[in-house]
Amino acid sequence: GQHVLDVAAGSGDMTTRFAKRVGASGRVVMTDINPGMLECGRARLLDKGISRNVELLLADAETLPFAPHQFDCVSVAFGLRNVTRIPKALASMASMLKPGGRVLILEFSHPVSDLLSRAYDLFSFSVIPPLGRMVTGDEASYRYLVESIRRHPDQDTLSQMMTDAGLEDVGYHNLNGGIVAVHTGFRY
């Protein structure tokens with residue numbers, strides 16, 4: 001029965017999961033700034049038989065087009081690092097929350113050990129772009145991917161940005177040694 005806003009939802013993987021969790025009385029709004037990705041998400045949802053409790057909307061994460069306090073949960077998975085002004089997007093997402101609501105951010109992050117960090121960088125910059133060229137013929141997109149991950153704020157910096165955006169009880173949980181992290185923040 002909850003209302004969820006899935007920001008930068010892309011192909012709709014998280015939207016699918018949320019739609020199943022909120023049930024028939026809930027609602028999920030899937031947004032993306034890219035019309036092609038939104039259409040890809042729509043097709044994937046329909047292929048899975050999901051349409052009743054999902055709305056799709058072309059929207060910029062920095063200026064979400066809803067009245068404040070509409071959602072129980074705002075989520076962004078592997079999309080925040082592509083936002084131009086992350087603090088503005090975080091403030092926009094925080095404003096969407098009902099009292100007691102939460103923001104969930106799943107994103108590539110920074111490994112917590114120096115050894116893992118060096119190995120991850122070596123793999124990321126030496127293997128992923130050439131592999132992208134071999135498989136898809138597009139090395140540049142895969143180079144952008146690893147560079148965007150490198151530029152993304154580390155766990156503590158992103159947590160502070162979330163606090164600055166008005167979220168409370170901000171925290172994170174590292175996955176895979178910090179290569180990925182789940183960040184949470186609440187609005188009370």
Side-chain angles (χ1 to χ4, degrees), residues 1-86 88-109 132 135-138 141-142 144-145 148-149 152 158 162 165-167 170 172-173 175-176 179-188:
Q2 292 195 343
H3 292 186
V4 177
L5 176 61
D6 191 6
V7 177
S11 60
D13 291 336
M14 295 305 295
T15 301
T16 298
R17 287 179 168 83
F18 286 128
K20 291 175 182 177
R21 291 285 300 219
V22 302
S25 63
R27 175 177 76 127
V28 180
V29 179
M30 177 181 169
T31 68
D32 205 288
I33 196 168
N34 182 315
M37 287 306 297
L38 204 57
E39 186 52 42
C40 173
R42 176 191 316 273
R44 291 185 70 189
L45 288 168
L46 291 174
D47 285 347
K48 294 176 182 180
I50 298 171
S51 62
R52 291 186 142 209
N53 59 349
V54 176
E55 299 171 36
L56 286 81
L57 183 67
L58 190 65
D60 185 337
E62 296 177 18
T63 54
L64 293 165
F66 304 99
H69 316 298
Q70 299 294 310
F71 296 93
D72 299 289
C73 177
V74 177
S75 171
V76 58
F78 301 113
L80 189 63
R81 75 180 182 286
N82 297 315
V83 172
T84 303
R85 290 174 290 277
I86 292 173
K88 189 173 179 183
L90 291 171
S92 183
M93 289 187 278
S95 74
M96 298 294 106
L97 292 175
K98 295 177 181 178
R102 64 206 169 279
V103 166
L104 301 173
I105 300 169
L106 175 64
E107 188 59 82
F108 289 107
S109 202
V135 173
T136 68
D138 182 9
S141 292
Y142 290 88
Y144 166 79
L145 171 68
S148 71
I149 293 168
H152 189 68
L158 183 56
M162 292 172 69
L167 295 165
V170 170
Y172 62 87
H173 176 74
L175 304 171
N176 299 327
I179 291 173
V180 174
V182 178
H183 288 259
T184 57
F186 298 84
R187 167 144 308 212
Y188 295 114

Item to check | Step-by-step side-chain contact (heavy atoms from CB on, under 4.5 Å) determination, V28 to M14 | outcome: CA-CA 10 Å; V28 180; M14 295 305 295; over 6 Å; no
Item to check | Considering all heavy atoms, the nearest G23-N53 contact | outcome: O-ND2, 2.8 Å
Item to check | Heavy-atom pair of closest approach, residues T16 and K48 | outcome: CG2-CD, 3.8 Å
Looking at [atom1] of [X] and [atom2] of [Y], how far apart are the two atoms once the value is rounded to the nearest 0.5 Å?
X	Y	atom1	atom2	result
L106	S75	CG	OG	7.5 Å
T184	M162	OG1	CE	6.5 Å
T31	L57	OG1	CG	7.0 Å
L104	H183	CG	NE2	11.5 Å
N176	S109	CG	OG	11.5 Å

Checklist entry - Taking only residues two or more places apart in sequence, or in another chain, which ones meet N34 in a side chain to side chain contact (heavy atoms under 4.5 Å, CB included)? => result D32, M37
Next on the checklist: Can you list everything that forms a side chain to side chain contact (heavy atoms under 4.5 Å, CB included) with E55? Sequence neighbours excluded, please.
Outcome noted: R27, V29
Item to check | Expected output: side-chain D138 to main-chain S141 donor-acceptor under 3.5 Å | outcome: yes
Checklist outcome for this item: By side chain to side chain donor-acceptor pair (under 3.5 Å), Y142 pairs with (sequence neighbours left out) none
Which donor-acceptor pairs under 3.5 Å do side chains of residues 76-85 form with protein atoms, sequence neighbours excluded?
residue, atom, partner, partner atom, Å
R81, NE, S148, OG, 3.0
R81, NH1, F78, O, 3.4
R81, NH1, E107, OE2, 2.6
N82, OD1, Y144, OH, 2.7
R85, NE, E62, OE1, 2.9
R85, NH2, E62, OE1, 2.8

Side-chain atoms of residues 88-98: list all donor-acceptor pairs with protein atoms under 3.5 Å, sequence neighbours left out, distances to 0.1 Å.
residue, atom, partner, partner atom, Å
S92, OG, L64, N, 3.0
S95, OG, S92, O, 2.7

Got a list of side-chain donor-acceptor pairs under 3.5 Å for residues 1-13, not counting sequence neighbours?
residue, atom, partner, partner atom, Å
Q2, OE1, R102, NH2, 3.3
D6, OD2, T15, N, 3.0
D6, OD2, T15, OG1, 2.6
S11, OG, R44, NH1, 3.0
D13, OD1, R44, NH1, 3.2
D13, OD1, R44, NH2, 3.1

